[in-house]
Amino acid sequence: MPFLAAKTNDAAERRPFSLAARAALTTGLVLAAFLGAVGWTLSRTYAASELNKLQARLHDYVITYIAGTDPRRDGTPLMPDTPPDPMFSRPGSGLYAVVIGDHGFHWESSSALQRDFSFLHPLQPGQQQFIGPVDTELGRLYYFSFGVALDVPVAAGAPERPPVHLTFTVAQTEAELESNTTVYRRSLVGWLATLGVMLIVLQLLLLRWSLTPLRKVASDMSRVERGQSDHLDSQYPAELTGLTGRINGFIDSEREQRTRYRNTLADLAHSLKTPLAVIRSQVEASELPPNVRAPVLDQVRRMDELVAYQLARAATTGRQTFAAAAVPIAGRAEDLVQSLEKVYAAKNVLCEFDIEDGAAFYGEQGDLLELMGNLLENAFKWAGHHVLLVVKAQRQPGRPRPGLLLSVEDDGPGIEDDMVEKILQRGVRGDERVKGHGIGLSIVQDIVRAYNGELTVDRSPEFGGARFSVALPPT
């Protein structure tokens with residue numbers, strides 16, 4: 001049994017980010033930028049601190065060498081036997097000591113033997129400098145140099161000798177400094193990444209908690225739309241109280257307006273039908289000539305049909321944003337069929353049901369009764385002995401209210417394809433010999449259109465008669 005599937009283009013339309021996604025994305029970007037700036041600052045600070053430590057360490061090594069150096073009486077410096085660090089004794093260790101002085105004096109620690117330190121130059125006494133990194137044959141180096149003037153000891157009564165000018169230099173390769181900095185950076189990145197993940201998770205939890213009232217409003221709105229609740233009746237924060245109060249006011253206003261509209265239509269129907277009934281009875285009881293009475297009665301009948309059709313059409317509510325309640329179909333269908341079985345008792349029609357459990361109509365009960373009543377009455381009128389009512393719910397993810405698939409089949413003569421469009425016109429009957437106003441199917445069409453649905457007519461595959469199918473989309 002073919003049914004029209006609801007057409008959606010949600011996938012084609014790019015939906016904007018939700019509030020939670022926007023807040024999470026913005027917070028994530030700000031947090032990443034903040035942690036990146038913190039990491040860069042800490043890394044630069046640590047590098048500067050390590051450089052200061054290196055300078056202080058090299059300075060201490062130079063001072064130690066200066067303190068352990070004694071000039072001989074001939075002015076030749078006597079270097080200390082024990083270095084301040086064992087690395088000065090290991091060739092190529094990366095820590096070097098060099099001393100240059102007057103008259104071509106040059107001394108190197110064991111670690112600096114056969115290394116080129118021609119880039120060094122003597123300094124004036126008291127002058128010091130820290131330089132690096134510089135590119136040398138030994139690699140990139142940091143070095144600290146200090147110029148001193150050492151007094152030469154003399155024998156008693158001997159003339160004083162000029163002081164010995166020496167420049168002490170201690171150098172270290174950049175590798176050790178970079179190694180310490182790299183280890184620190186890796187550790188820093190690990191800790192900042194862990195902290196970032198923890199902060200993001202905490203932020204998501206806070207966002208979820210903060211947006212709980214909005215999700216509650218959306219949930220309550222869905223309940224109102226499904227007819228499971230009359231109002232937004234939960235307790236909301238002060239920021240949402242004004243909004244939810246206005247929504248409740250709008251719901252009440254819509255329902256009150258609909259009630260007033262229906263009451264006005266009922267009053268109008270009563271006001272019009274009563275005078276028409278009086279006119280008809282007076283004309284039928286009058287002694288007017290047949291050639292006068294028949295046209296008058298025919299016009300009265302047409303006015304009665306027109307009033308019935310227009311009132312039924314105007315009373316159709318259509319799809320409502322806030323349904324009062326979901327109308328169960330099974331019970332209403334049983335009541336309608338029981339009434340029709342009494343009216344058409346002479347035909348002995350058997351009506352079978354295939355109604356899905358929980359199938360409901362989201363709209364006005366009057367619209368449902370008008371829709372099913374006209375379709376079932378039409379089927380009973382034309383059926384031989386069998387009528388079948390099929391009702392299925394049409395659910396769609398993301399839609400709070402399911403659609404409805406409803407069809408009525410009979411084992412009557414059926415409807416030819418070229419007659420389908422004609423019988424759906426107002427006032428047209430499939431067979432003029434069958435009593436009726438010819439407006440039932442037109443009313444059904446108006447109701448179906450009001451709910452954005454579709455009515456199709458074809459042949460019943462089970463009984464061979466007519467089948468009227470109605471598809472109402474999910475909302």
Side-chain angles (χ1 to χ4, degrees), residues 11 13-64 84-88 90 92-96 111 128-145 169-219 236-240 398:
E13 297 180 358
R14 186 174 181 179
R15 299 178 60 185
F17 287 124
S18 64
L19 293 178
R22 293 184 182 190
L25 180 61
T26 303
T27 303
L29 292 176
V30 172
L31 182 61
F34 174 76
L35 291 180
V38 169
W40 181 83
T41 303
L42 291 178
S43 178
R44 292 295 299 270
T45 302
Y46 180 81
S49 174
E50 285 296 302
L51 191 61
N52 290 333
K53 289 181 181 179
L54 175 62
Q55 180 180 355
R57 187 165 60 252
L58 298 183
H59 175 271
D60 292 342
Y61 288 151
V62 167
I63 297 301
T64 302
D85 192 291
M87 292 182 65
F88 288 105
R90 292 202 308 269
S93 64
L95 187 61
Y96 313 107
S111 60
Q128 59 182 346
Q129 59 181 196
F130 176 73
I131 299 177
V134 294
D135 294 320
T136 68
E137 294 181 357
L138 304 177
R140 293 170 63 83
L141 293 178
Y142 288 92
Y143 65 90
F144 183 85
S145 298
T169 301
V170 176
Q172 181 174 309
T173 58
E174 186 186 32
E176 183 176 350
L177 179 66
E178 285 299 316
S179 176
N180 293 338
T181 304
T182 301
V183 171
Y184 174 80
R185 285 174 180 169
R186 289 177 180 174
S187 177
L188 179 63
V189 169
W191 281 107
L192 288 179
T194 302
L195 178 61
V197 171
M198 293 176 61
L199 289 176
I200 289 176
V201 172
L202 179 60
Q203 181 66 27
L204 291 176
L205 293 175
L206 290 176
L207 281 174
R208 183 173 180 81
W209 177 75
S210 300
L211 295 177
T212 297
L214 289 179
R215 287 194 298 272
K216 181 62 176 173
V217 172
S219 175
Y236 304 105
E239 294 80 0
L240 297 178

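Basis for what follows: all heavy atoms, side chains included, without hydrogens, waters or symmetry-related copies. If you're wondering where the values come from, they're calculated on a predicted model, not measured in any experiment.
The CD atom of Glu174 sits 8.5 Å away from atom CG of Asp135, with the distance rounded to the nearest 0.5 Å.
A heavy-atom distance below 4.5 Å is found between the side chains of Arg57 and Gln172. The shortest distance between side-chain heavy atoms of Val62 and Thr169 does not fall below 4.5 Å. In this structure the side chain of Phe144 never reaches within 4.5 angstrom of the side chain of Ile131, judged on heavy atoms. At a threshold of 4.5 Å between non-hydrogen side-chain atoms, the residues Val134 and Tyr142 do not count as touching. Within the 4.5 Å cutoff, side-chain heavy atoms of Leu58 are placed close to those of Phe130. No side-chain heavy atom of Leu95 sits less than 4.5 Å from a side-chain heavy atom of Thr173.
Taking all atoms of both residues into account, the shortest heavy-atom contact from Ala24 to Leu207 is N-CD1, 3.6 Å. Residues Leu188 and Ser43 approach most closely at CD2-N, 4.1 Å, considering heavy atoms. Nearest heavy-atom pair across Ser210 and Pro213 is O-CD, 3.3 Å. Closest heavy-atom contact between Leu192 and Gly39: CD1-CA, 3.4 Å. Contact between Tyr143 and Ala171 at its shortest, heavy atoms only, is CB-CB, 3.6 Å. Contact detail for Pro84 and Thr64: the closest heavy-atom pair is CB-CG2, 3.7 Å.
Within a 6.0 Å sphere centred on CZ of Arg215, other residues, nucleotides and ligands contribute more than 12 heavy atoms.
When atom types are taken as modelled, the side chain of Thr26 and the backbone of Arg22 share a donor-acceptor pair closer than 3.5 angstrom. With hydrogens and angles disregarded, a donor-acceptor distance shorter than 3.5 Å links the side chain of Thr212 to the backbone of Trp209. In this structure, Ser179 contributes its side chain and Ala175 its backbone to no donor-acceptor pair below 3.5 Å. Judged by distance alone, with hydrogens and angles left aside, the side-chain atoms of Thr182 form a donor-acceptor pair with the main-chain N or O of Glu178 at under 3.5 Å.
At a cut-off of 3.5 Å, with distance as the only test, no side-chain donor of Ser111 or Arg90 sits close to an acceptor on the other residue.
Between Tyr61 and Phe88, the distance from one ring center to the other falls under 6.0 angstrom.
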